[in-house]
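A short worksheet on the structure shown next.
Values in this document were obtained by computation on a predicted structure and should not be read as measured data. Throughout, protein chains are lettered first and strands after them, A, B, ... in sequence-line order, and every chain is numbered starting at 1.
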There are 2 protein chains.
Amino acid sequence: MGLFSKTCEYAIRAVFFISQKTSEGGRVSIKDIAVGIDSPEHFLAKILQDLSKRGLVQSAKGPNGGFFVNENTLRRPVAEIVEVVDGNGIFVGCALGLKECSEKNPCPLHNQFTTIRDEIHSLLRTTNIGDFNEELILGINSLKR
Amino acid sequence: MGLFSKTCEYAIRAVFFISQKTSEGGRVSIKDIAVGIDSPEHFLAKILQDLSKRGLVQSAKGPNGGFFVNENTLRRPVAEIVEVVDGNGIFVGCALGLKECSEKNPCPLHNQFTTIRDEIHSLLRTTNIGDFNEELILGINSLKR
DNA sequence: TAAAATAAAGACAAAAAACTCTTTTAATTG
DNA sequence: CAATTAAAAGAGTTTTTTGTCTTTATTTTA
């Protein structure tokens, strides 16, 4: 099990990819994104439809269409992608799956995992979608393998 | 998505429960464990069979049979339960699902999540199965809701 | 030794997640 | 305005995870 669902992994990689391509000055098709991040094309299409509805990415149909992001998206935290796709369970849920786990009624691992989850949340809230464009352009970071 | 699979959540809760009951001096049946941790009885039975094969819990058939743990198990880290059930993916995998993500070929979130994963690993390696028996007996910790 | 208690095992079933394929809609361009 | 391009939408399929039900094997005890 990963930290995120497969859908969410594709979503983050796709948004980073689109963000990079936008910063390089172009739109990019689903097919090119799928190749660029090594994901199933039609599955990815569904994910991008959702992200598009939520305004996290922009799209245009027809020739020279494709996906791109606006300036606002570049400054949004990565946490927003995670919330749209996987919800906030990774930030707030109980590690042992208890519905009513809390400070008052804690599972044995409550305190330890509250700390961990807070760190994950804080990391994803302070990291913005556009933060990796340079590294991606320079090839320092990978989205593919 | 939780951090662990449902199977793993049940496994950890069950082992904690058995550990507590053992420390109180008795064996405990699958049915009682299922009630005690609020899990599906027969699904839990499968999980306990696996844990039993791996030596993490002990079992005995027949009247006055049931599950219990030995002294050794009480000193084993919680990480062992996770490794048996979910593997070590949560400790070592790439947050974005890349197969070849590494220091040499990092995904954009590689460094941040290496830190997070190390913390999770270290937390689960330094926390032992028997560490919560007292809190559980006193009712300070919950395994049920 | 028969009955009862209990875990082990196996075969299904349901639900969720991951993935594929086809058709429709919208935009562009010659 | 016809042809082309590309996203949107919809209807599946496959795989994995989660959960149920029934039968079998083992142990104890009366």
Closest listed nucleotide, where the reference is the side chain of P40(B) and the choices are dG19(D), dA8(D), dT29(C): dG19(D)

Phosphate OP1/OP2 of dC19(C): any Y10(A) side-chain N/O under 4.0 Å: yes

Sequence neighbours excluded, every pair satisfying ring pair (Phe, Tyr, Trp, His ring centres under 6.0 Å) that has a member inside residues 118-145 of chain B: F16(B)-F132(B), F91(B)-H121(B)

Closest-nucleotide 5' rank along DNA chain C - winner of F4(A) and K61(A): F4(A)

Positions of residues 42-52 of chain A (non-hydrogen atom under 4.0 Å from DNA chain D), listed by number: K46(A), Q49(A), S52(A)

Nearest-nucleotide comparison on DNA chain D, the residue closer to the 5′ end among G62(A) and P63(B): G62(A)

Short side-chain N/O contact to dT29(D) OP1/OP2 from N64(B), under 4.0 Å: yes

Listing, residues 43-64 of chain B side-chain donor-acceptor contacts under 3.5 Å, not counting sequence neighbours, or none:
| from | atom 1 | to | atom 2 | distance (Å) |
| --- | --- | --- | --- | --- |
| Q58(B) | OE1 | N70(B) | ND2 | 3.4 |

Enclosure of E41(B) CD (heavy-atom neighbours >12, cutoff 6.0 Å): yes

Distance in Å, S142(A) OG paired with N105(B) CG, rounded so as to fall on 0.5 Å steps: 4.5 Å

Spacing between E41(A) atom CD and dA8(D) atom C1', to the nearest angstrom: 13 Å

dT18(D) base / K6(B) side chain donor-acceptor hit below 3.5 Å: no

Any S59(A) side-chain N or O less than 4.0 Å from OP1/OP2 of dA8(D): yes

Side chain R13(B), main chain I37(B), donor-acceptor under 3.5 Å: yes

